[in-house]
Protein chains: 2
Amino acid sequence: MTSTTARAAGRASERALADLRTAILDGDLAAGAHVGEVETAERLGLSRTPVREALTRLAAEGLVELEAHRGARVTRFSRADLDGIFDVRLALEPRATARAAAHATPADLDALEALARRMQELGAPGPGQDLDALVELNRDFHARLLDLAHAPALAAALGTVVHTPVVTRTFRAYDPDSLARSLAHHVEIVAALRAGDGDWAGAVMRCHLGNARAVMVGAR
Amino acid sequence: MTSTTARAAGRASERALADLRTAILDGDLAAGAHVGEVETAERLGLSRTPVREALTRLAAEGLVELEAHRGARVTRFSRADLDGIFDVRLALEPRATARAAAHATPADLDALEALARRMQELGAPGPGQDLDALVELNRDFHARLLDLAHAPALAAALGTVVHTPVVTRTFRAYDPDSLARSLAHHVEIVAALRAGDGDWAGAVMRCHLGNARAVMVGAR
DNA sequence: GTCTCCGGCGTTGTGTGCAACGTAGGGTGC
DNA sequence: GCACCCTACGTTGCACACAACGCCGGAGAC
């Protein structure tokens, strides 16, 4: 059990998978939208077969839902779903963050810190603010952190349920205080990791997720 | 995001999926065994198409691994993998167990207790001992408990990574003391739930998993 | 004797055609 | 006017055929 690499070679099915995934994650395919096989196949210049395979895999990831003879629909996340997802994140990500303390090299930490600082710049109020650019950087930050935990099973469990870009599709929902807190958390996590203190890093991650949950889901 | 039911109607692909899954979980397909598409299709009297779909989904679940142009192999779990899986279980199952306290009805608890008692009977040393029968009952117990948590995202995260029957394919690895402890834990969990004490129930589950980890993985 | 190259074989990857299922619309009966 | 049925359409589900790729074995050269 190494990676869920899956049918990596299939160029066509891989293309269909990547295309559909980004389309969903970027919001080009709205939640609840119908994803037809022929329609998608024609758009990509492929046959239905690789598209079918891509849809099957996306369904396994939870990004689309398949109804027999009725096709695929982009998954719609309810408030309760979001809340449940934060439960899982809170159970797993702080643990992963804590573990990262034992494995992160100085180079890893430098890269993480660069990301965290860049996010603070882009998130700072003013003419240079670019909330949209934060999404991708945020995804990268959390992905790197997860990778540093060296816990593939944990990463798999998180990955299946938490589609960060779907959950955190935008930072526009954040009020200025919450946003500042969130971006400061990233920096603090790096500091905790530099100190080799996994407990501290995990605690910051718990704060980070609590803050995000309040913004995305609302009061508990 | 309700359930990962997926292409529920497809009778053929559903059959292929069920067949392969049970074959793997029951050990008929050994870890590392090659699963050919044509071979499987002929065995089930189907074409390769539904078999392919089943394999794709099993790969997403982590039960098989797909290598491009080289087919599917039954996933082989290393000691480190097992350990990682227990990490995830320890992070999620106690939480789910605690949540079950809020939702379980007396009828649910009676059913759980019946399972726990029956397992104690079957596990007791003597002529009536049937360690093989425990596997299925154990799966049932944990599944019901997880269901009572009313936390679909949590269940999904667990389900993707933890294939209980693969992990706990046999109770023969348990020494008498560990086995007795494990079966007593089930009963204690029910008692804690009856008391409405989620913290207690979660703590027992942590014990239960710690005990299992020691048996399956060995000393930490 | 060993290493390398090449060809055959078996596998998976993809495209296409047909059948089955679900749905929506119009028509008919009450 | 309303409810029900029936038909036609569009979709997905499955099977089959062909192409592409990887692997293994044999022959040749060094």
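Residue numbers begin at 1 in each chain, while the letters A, B, ... track the order of the sequences.
Remark on DNA chain C: of its neighbouring residues T49(B) and H34(B), the 5'-side contact belongs to H34(B), judged by nearest-heavy-atom nucleotide. Annotation: of the two residues near DNA chain C, L46(A) and V38(B), the 5′-most nearest-nucleotide partner is V38(B).
Across all their heavy atoms, V217(B) and F86(B) have their closest contact at CG2-CD1, 3.9 Å.
Following rounding to the nearest Å, E14(A) (CD) and dT14(C) (P) show an atom-to-atom distance of 9 Å. Counting to the nearest Å, the P atom of dG10(D) and the CD atom of E42(A) are 13 Å from each other. Atom CG of L55(B) and atom C1' of dG13(C) are 14 Å apart (whole Å). Taking atom CZ on R73(B) and atom P on dT12(C), their separation rounds to 11 Å, with Å as the unit. E39(A) places its CD atom 14 Å from the C1' atom of dT12(D), with the value rounded to the nearest Å. Look at CZ on R57(A): it is 10 Å from P on dG13(C), rounded to the nearest Å. The interatomic distance linking E37(B) (CD) with dT14(C) (P) rounds to 11 Å, in whole Å.
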Taking it one step at a time, do D130(A) and R118(A) satisfy salt bridge (Lys or Arg N to Asp or Glu O under 4.0 Å)? CA-CA 11 Å; D130(A) 184 351; R118(A) 181 93 186 101; over 6 Å; no

For D81(A) and R76(A): C-alpha separation, side-chain torsions, deciding distance, then whether salt bridge (Lys or Arg N to Asp or Glu O under 4.0 Å) applies. CA-CA 9 Å; D81(A) 289 332; R76(A) 199 187 288 277; over 6 Å; no

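Nearest nucleotide to the R52(B) side chain, out of dC14(D), dG13(C), dT11(C): dG13(C).
Here S47(B) reaches the OP1 or OP2 of dA15(D): one of its side-chain N or O atoms lies under 4.0 Å away. Taking only side-chain nitrogens and oxygens, S13(A) never comes nearer than 4.0 Å to OP1 or OP2 of dG13(C).
Where the helix from dG1(C)-dC30(D) to dC30(C)-dG1(D) starts and where it ends, the local axes point in directions that differ by 10°; five pairs per end, rounded to 10°.
With R48(A) as the partner, the salt bridge (charged side-chain N to carboxylate O under 4.0 Å, His left out) test is satisfied by one option alone out of E53(A), E39(A), E37(A): E37(A). Across H185(A), H208(A), H163(A), a single residue satisfies ring pair (Phe, Tyr, Trp, His ring centres under 6.0 Å) together with H142(A), and that is H208(A). Screening L63(A), L66(A), V74(A) for a side chain to side chain contact (heavy atoms under 4.5 Å, CB included) with V35(A), the sole residue that qualifies is V74(A).
With rounding to the nearest 0.5 angstrom, the CD atom of E136(B) is 12.5 Å from the CG atom of L122(B).
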Between protein and nucleotides 18-23 of chain C, map the contacts as a letter string: B base, S sugar-phosphate only, - none, heavy atoms under 4.0 Å, written 5' to 3'. ---SSS

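Two residues are said to be in side-chain contact when any heavy atoms from C-beta on lie closer than 4.5 Å; V161(B) and R89(B) fail this criterion.
A side-chain donor-acceptor contact under 3.5 Å links R213(B) to the backbone of D83(B).
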